[in-house]
Amino acid sequence: MSARDEREDHMSVYLIIALAPLVGSLLAGLCGKIIGRTGAQTVTIAGVAVSAALSAWVLYGFMTGSRTRFDENVYTWLTMGGLDFAVGFLVDTLTATMLVIVTSVSLMVHIYTIGYMKGEEGYQRFFSYISLFTFSMLMLVMSNNFIQLFFGWEAVGLVSYLLIGFYYQRPTAIFANLKAFLVNRVGDFGFVLGIGLVLAYFGGSLRYADVFQHIDQVKQATIELIPGHEWSLITVTCILLFVGAMGKSAQFPLHVWLPDSMEGPTPISALIHAATMVTAGIFMVSRMSPLYELSDVALGVIMVSGTITALFMGFLGMIQNDIKRVIAYSTLSQLGYMTVALGASAYNVAVFHVMTHAFFKALLFLAAGSVIMGMHHDQDMRHMGGLRKYMPVTWICMLIGSLSLIGTPFFSGFYSKDSIIDAVKASTLPFSSIAYVALVASVFVTAFYSFRLYFLVFHGEEKWRKAAHDEHHGHEHHGLSPKDNPHESPLVVTIPLILLAIPSVFVGMWAIKPMLFSDFYHNVIFINSAAHPALAHVHEEFHGIVAMALHSVTTPVLWLVIAGVVLSWYFYMKKPQIPARLAVTFSPIYKLLENKYYLDALYFNVFARGSRMLGTFFWKVGDVFLIDKLVVNGAAHVVGSVAALVRRMQTGFIYTYATAMIAGVFVLVVWGFWPLLKPLFGG
């Protein structure tokens, strides 16, 4: 096969990967009434399955060396001033990794949706949305230029808006999707400014390859944001791009939208939190590693944001009672881990944690959805308990996901999470020591809230019996009736759980060496090892997957994990009165956590209301008064006022006109003879 034929063959494969979910989405959305529920689920699942199979084949090709880097434009849709706006694909090992993550998790979510959304209105619409979501994320990770990246960036934001507000008759859902949309607009504003700086200073091109070639020419360049104060161009560009990542990947202070995204159906919660949307920022910073390696200031900003998110969002997970919100706050915390890894220049480790987290987080969300189905859509953990014997498959899958999340040795989450902690410990950036302490503390917090959920849901007293009894006697509660028992979910729900549980255990030990300690990402992710030795240190300390697991016994991390699990068992299984007593004793802290550090109130009262008041002021003073009344209508008002005054003089009586004529003659006479009369008045 010639090079040209091989290139065209690769192009065809990548087009199919990207467009197959889009075709399924359009068929389900536009022809949903014609093809029905079965047809909608079939075409969308088939489209994602094709993408998943081809993505796995592409990744296998890179692993065996039979496939090489691909960077070609597919279609140029606009040329303006020498700048090409093109649809293009950059497929390398980083892209292939993300393709497998996105499509495999999305496929499991699509299959799971058949059982979870059974009987729901808008069934075809939901399948159309989640396939469109998958297409948008694929276009984002496959892009070879900033314009296409921005298209995918905005498309996942738009579809997430539609999915979070899927139950559009619920006021809480509408509030949640509007909140997500507005918060992401703040991040996207910074992202657009960053792209603008790239276009203005990096060779006048938005193609990644061209931008990276001009790095040396702008390495020492500065820019004045404030007159007289020069900033590094690279630093400003990187920070602005990261502001976009803060919105999409829900990093402090733009994290507030993610917990409220739970208002959407559980399958979309899994898709947003595991494989799409929130991973976009991590991917983007990793792709832009040649830029970020030149700015320690930008890396420091990233590390600070990630550290705050990892620890303080974990605290919020400790007091949640909604099963999905506990997992949502764990997503925020784990995204903080990934972001801290980016700040330590351990981009490989961040992507590695993206992979392991995608599987066990999708498993946790889908298992939570299975619990919700078994509880007749009651999400309050205080109404659960003892579900292990009623939902054995869901129970074991939730246990596997929780063990992986907390970093239990030999589980996938252990290898990626411990690698992040080791990388941060070895980092030489000024904030790294504080970040290390925060991440280690977060280990305990994660173990505590994860197994608080596990024990409250699957063990202990069957509190759902009392809750159902209360509802029967008029108390407010929605879920099981007194005659019902929880039940295991159908196979269409449990099979995706089992398939996700397998990589949640094994993918970490399988992928750690190629992803972290080989040249798999050579010439894809760039690290200045001399200035940022974190990943090199992790490599030196790695002596195999078994040795790494055994070594964890000598570190405080594993003992903090055990302490978190044991304490949660003691609090919620043995002495359940202790948490209530602590909430009363430390009520100011509890109230602070319950109100999510008052950030929502701050944003609403200061920024939202302040912006509205400022807009009202400019509207009433600037638009209504200055423009409408003075500038536009001012002349008309003057003419109208003069005309009204003159109109009053037109009485129609002859003596009025005679008096006016006499007065006029008198004025003329006085004015004419004034020089002669002036001496008489002493002039």
Side-chain angles (χ1 to χ4, degrees), residues 12-32 35-60 89 91 95-118 122-142 152 155-156 158-160 162-163 166 264-280 283 355 358-359 361-363 365-366 369 492-493 495-500 502-503:
S12 300
V13 170
Y14 302 143
L15 280 171
I16 294 172
I17 290 174
L19 297 180
L22 177 62
V23 172
S25 173
L26 293 176
L27 288 173
L30 300 179
C31 307
I35 63 179
R37 291 177 171 239
T38 303
Q41 71 192 34
T42 301
V43 294
T44 52
I45 291 174
V48 175
V50 169
S51 288
L54 291 177
S55 297
W57 182 47
V58 169
L59 180 61
Y60 178 76
F89 293 148
V91 181
T95 306
T97 303
M98 293 299 298
L99 289 177
V100 170
I101 294 171
V102 172
T103 56
S104 58
V105 172
S106 179
L107 179 60
M108 294 301 102
V109 170
H110 274 70
I111 296 171
Y112 176 95
T113 300
I114 297 174
Y116 190 87
M117 298 295 289
K118 183 180 180 180
Y123 187 83
Q124 296 96 314
R125 175 166 58 93
F126 187 80
F127 270 99
S128 176
Y129 285 170
I130 57 176
S131 276
L132 185 61
F133 203 10
T134 306
F135 160 74
S136 302
M137 191 65 188
L138 292 176
M139 290 297 288
L140 188 156
V141 300
M142 295 175 73
V156 293
L158 171 62
V159 183
S160 69
L162 297 173
L163 285 164
F166 180 78
T266 298
I268 190 53
S269 300
L271 200 54
I272 289 177
H273 288 245
T276 60
M277 187 77 169
V278 297
T279 62
F283 166 79
M355 170 180 273
F359 293 113
K361 185 51 57 69
L363 175 62
F365 263 115
L366 298 187
V492 74
V493 169
I495 287 176
L497 295 182
I498 295 168
L499 293 177
L500 287 168
I502 296 171

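None of these values were measured; they are calculated from a predicted model. Side chains included, hydrogens not; waters and symmetry mates left out as well; all remaining heavy atoms used.
- Here the OG1 atom belonging to Thr113 is positioned 14.5 Å from the NZ atom belonging to Lys118, to the nearest 0.5 angstrom.
- Here the closest heavy-atom approach between residue Ser104 and residue Phe359 is recorded as OG-CE2, 3.7 Å.
- Heavy-atom minimum distance, Phe133 versus Leu271: CD2-CD2, 3.9 Å.
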Report the C-alpha separation of Arg37 and Ile114 in whole Å, then their side-chain angles, then the decisive distance to 0.1 Å, and conclude whether the side chain to side chain contact (heavy atoms under 4.5 Å, CB included) test is met.
CA-CA 9 Å; Arg37 291 177 171 239; Ile114 297 174; over 6 Å; no
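- Between Leu132 and Leu22, the closest side-chain pair of non-hydrogen atoms falls below 4.5 Å.
- The distance from atom CD1 of Ile101 to atom OG of Ser55, rounded to the nearest 0.5 Å, is 11.0 Å.
- Annotation: the span from Ile272 atom CD1 to Ile130 atom CD1 amounts to 11.5 Å, rounded to 0.5 Å.
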Could you go step by step and tell me if Phe126 and Leu163 meet the side chain to side chain contact (heavy atoms under 4.5 Å, CB included) rule?
CA-CA 8 Å; Phe126 187 80; Leu163 285 164; 3.7 Å; yes
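- Atom CD1 of Ile498 and atom CE of Met108 lie 11.5 Å apart (nearest 0.5 Å).
- With Thr44 contributing its side chain and Gln41 its backbone, the two residues share a donor-acceptor pair below 3.5 Å.
- Rounding to the nearest 0.5 Å gives a distance of 10.5 Å between CG of Leu500 and OH of Tyr112.
- The side-chain heavy atoms of Tyr116 and Leu366, taken from C-beta on, include no pair separated by under 4.5 Å.
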Would you sort out whether Ser131 and Ser25 count as a side chain to side chain donor-acceptor pair (under 3.5 Å), showing the intermediate values?
CA-CA 5 Å; Ser131 276; Ser25 173; 5.7 Å; no
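- For Gln124 against Ala28, the heavy-atom pair with the smallest separation is CB-O, 3.8 Å.
- Taking every heavy atom of both residues into account, Val159 and Ser136 meet most closely at CG2-OG, 4.1 Å.
- In this structure, Phe127 has its ring center under 6.0 Å from that of Tyr123.
- The shortest non-hydrogen separation linking Met355 to Thr97 is CE-CG2, 3.8 Å.
- Counting all heavy atoms, side chain and backbone alike, Ile17 lies closest to Met142 at CG2-SD, 4.3 Å.
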Side chain to side chain contact (heavy atoms under 4.5 Å, CB included) for Ile16 and Ser51? Distances and angles first, verdict last.
CA-CA 7 Å; Ile16 294 172; Ser51 288; over 6 Å; no
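- The closest side-chain heavy-atom distance from Thr103 to Leu54 is not below 4.5 Å.
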Residue pair Val23, Phe135: steps toward the side chain to side chain contact (heavy atoms under 4.5 Å, CB included) verdict
CA-CA 9 Å; Val23 172; Phe135 160 74; over 6 Å; no
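- Distance check, rounded to the nearest 0.5 Å: CZ of Phe89 to CG of Leu138 gives 9.0 Å.
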